[in-house]
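These numbers were taken from a predicted model, which means no experiment stands behind them.
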Amino acid sequence: MATPNLKNINIFYKVDFLLHEIFEEKKSVIEIQYNLNDLYGKFWEIYDESYDYALTINAFIGATQAVMGDKIAQEVFWEEAQVLEFLRYLDTYKESCQKERLLYTAQEARNRKNIEDYISNLTAHYSKLLFVRIDLHYLKNSQDCVTVSEFYEHISNFRDLISNKNTCFENLQGYIWAIEHGMDRSFHCHLLLIYDGSKHQNDYGLAKMVGEKWVKITHYKGGYYNVNTPSRKNLFKKTGKLGIGMIFRNDNHSVQNAINAAKYLTEIKADYQHAVIKIAKMRTFGKGQFKVGWRRGIK
């Protein structure tokens, strides 16, 4: 049995996508038959019960095992009659799976509201702040070398560096991070770091140093995308949407752009999904606190 890694877990996402399409009646029986014959054996090659899974994954297990029992997955061929039986069993999971999806959507909405309040408080409190955006990911040719457990270990180590506020995290006044999965980039992390604008001005340089920290933590299997390049910022500026770099409190338009840019971290995107496999109790979203004792003027 293979260990779930950042490449082969796409199977779980294909299963999740398949079940939601079935629940929404977007698949014919013939299409479902093809998908089951394609995914079933691959699924059981990497399934590891020590991880937590979305309800769709548990529903897939329950419905397929109800039909196939203990047959060797790699030797199974789904006939039309078995597909119809699978669909009958699967229907008993429909309500709970759809409810879970609604809960994810509601949580993302709460996250965006919390981000808006957090950024509003920070920009009102400081005369200027330096907003730095970086996307942390893994090199495509390294994804099959990184297990899901190792990914979460790398993220945890990186978050510890942020909390310690040393080196390139010095004078950090706030942060937001959000983990997503994409079929091409697998698990990756959107990161916003907010620095004291009176202590730092070089947003591009800071983003580069932060990205290099990630590369080292991942033992050079990781990569990063620096959003704060001059060309990228000029593009945002031309469209009136520049919300990274130096943000001044008295510039209401830039402050609103900064809020919008921060909220983008948790917006639902067509090509990306929530985590359908994760370590127990591992969070996929986090931010700093505004009301902390070390922040001047806050009691």
So, [X] and [Y]: side-chain donor and acceptor under 3.5 Å apart, yes or no?
{"X": "Tyr264", "Y": "His190", "answer": "no"}
{"X": "Gln107", "Y": "Arg110", "answer": "yes"}
{"X": "Asn260", "Y": "Gln256", "answer": "yes"}
{"X": "Tyr51", "Y": "Ser149", "answer": "yes"}

Using the test side chain to side chain donor-acceptor pair (under 3.5 Å), find all partners of [X] that sit at least two apart in sequence or belong to another chain.
{"X": "Asp196", "value": "Ser198"}
{"X": "His219", "value": "none"}
{"X": "Lys238", "value": "none"}
{"X": "Asn114", "value": "none"}

Are [X] and [Y] packed together at the side-chain level, in the sense that at least one heavy-atom pair is separated by less than 4.5 angstrom?
{"X": "Val83", "Y": "Leu36", "answer": "yes"}
{"X": "Ile30", "Y": "Glu80", "answer": "no"}
{"X": "Pro4", "Y": "Ile277", "answer": "yes"}
{"X": "His181", "Y": "Asn10", "answer": "yes"}
{"X": "Ile176", "Y": "Leu193", "answer": "no"}
{"X": "Leu265", "Y": "Phe285", "answer": "no"}
{"X": "Leu191", "Y": "Val210", "answer": "yes"}
{"X": "Trp214", "Y": "His137", "answer": "no"}

**Asked** Does Tyr118 have any ring pair (Phe, Tyr, Trp, His ring centres under 6.0 Å) partners at least two apart in sequence or in another chain, and if so, which?
**Response** none
**Request:** Not counting sequence neighbours, which residues clear ring pair (Phe, Tyr, Trp, His ring centres under 6.0 Å) with Phe17? List them please.
**Result:** none
**Asked** Applying the 4.5 Å side-chain criterion to the ILVMFWY set and letting contacts propagate, would Leu139 and Met183 be lumped into a single cluster?
**Response** no
Solution key, residues 52-62 side-chain donor-acceptor pairs under 3.5 Å, sequence neighbours excluded:
residue, atom, partner, partner atom, Å
Tyr53, OH, Asp48, N, 3.1
Tyr53, OH, Asp48, O, 2.7
Thr56, OG1, Asp16, OD1, 2.6

**Message:** Can you tell me which residue among Phe151, Tyr138, Phe12 is in a ring-ring contact (aromatic ring centres under 6.0 Å, His included) with Phe187?
**Reply:** Phe151
Under the 3.5 angstrom rule, does the side chain of [X] hit a backbone N or O of [Y] as a donor-acceptor pair?
{"X": "His253", "Y": "Gly240", "result": "yes"}
{"X": "Thr123", "Y": "Ser120", "result": "yes"}
{"X": "Asn5", "Y": "Val146", "result": "no"}
{"X": "Glu150", "Y": "Thr147", "result": "yes"}
{"X": "His188", "Y": "Ser186", "result": "yes"}
{"X": "Asn226", "Y": "Tyr204", "result": "yes"}
{"X": "Asn111", "Y": "Thr266", "result": "no"}

**Message:** Quick one, Ile155 with Arg159, criterion side-chain contact (heavy atoms from CB on, under 4.5 Å). Give me CA distance, side-chain angles, the key distance, then yes/no.
**Reply:** CA-CA 6 Å; Ile155 285 291; Arg159 286 170 52 201; 3.9 Å; yes
Indicate every side-chain donor-acceptor pair of residues 125-132 with a distance under 3.5 Å to a residue at least two apart or in another chain.
residue, atom, partner, partner atom, Å
His125, NE2, Arg296, O, 2.6
Tyr126, OH, Gln173, OE1, 2.7
Tyr126, OH, Arg295, NH1, 3.0

**Message:** Rounded at 0.5 Å granularity, tell me how far CD in Gln82 sits from CG in Leu84.
**Reply:** 10.0 Å
**Fill in**
dist Ser142:OG -> Lys140:NZ (nearest 0.5 Å) comes out at 12.5 Å
**Prompt:** Tell me the side chain to side chain donor-acceptor pair (under 3.5 Å) pairs involving residues 65-76, sequence neighbours left out?
**Reply:** none
**Asked** Under the side chain to side chain donor-acceptor pair (under 3.5 Å) rule, what pairs show up with a residue in residues 27-37, not counting sequence neighbours?
**Response** Lys27-Asn35, Ser28-Glu31
Greater than 12 external heavy atoms within 6.0 Å of [X]'s [atom1]:
{"X": "Phe290", "atom1": "CZ", "result": "yes"}
{"X": "Lys165", "atom1": "NZ", "result": "yes"}
{"X": "Tyr220", "atom1": "OH", "result": "no"}
{"X": "Glu49", "atom1": "CD", "result": "no"}
{"X": "Tyr89", "atom1": "OH", "result": "no"}

**Steps toward side-chain contact (heavy atoms from CB on, under 4.5 Å) verdict (Ile194, Leu192)** = CA-CA 7 Å; Ile194 306 167; Leu192 172 64; 4.1 Å; yes
**Message:** Once salt bridge (Lys or Arg N to Asp or Glu O under 4.0 Å) is applied, what residue pairs with a partner in residues 222-236 remain, sequence neighbours excluded?
**Reply:** Asp203-Lys233
**Request:** Give every residue pair that meets the salt bridge (Lys or Arg N to Asp or Glu O under 4.0 Å) criterion with at least one member in residues 83-96, sequence neighbours excluded.
**Result:** none
**Intermediate values then yes/no, side-chain contact (heavy atoms from CB on, under 4.5 Å), Tyr225 and Leu136** = CA-CA 7 Å; Tyr225 176 67; Leu136 310 174; over 6 Å; no
**Message:** With side-chain contact (heavy atoms from CB on, under 4.5 Å) as the criterion, how do Lys213 and Cys168 come out once you've worked through the C-alpha distance, each side chain's angles and the decisive distance to 0.1 Å?
**Reply:** CA-CA 9 Å; Lys213 287 283 186 186; Cys168 56; 3.8 Å; yes
**Asked** Should the pair Glu267-Arg112 be classified as a salt bridge under the 4.0 Å nitrogen-to-oxygen rule?
**Response** no
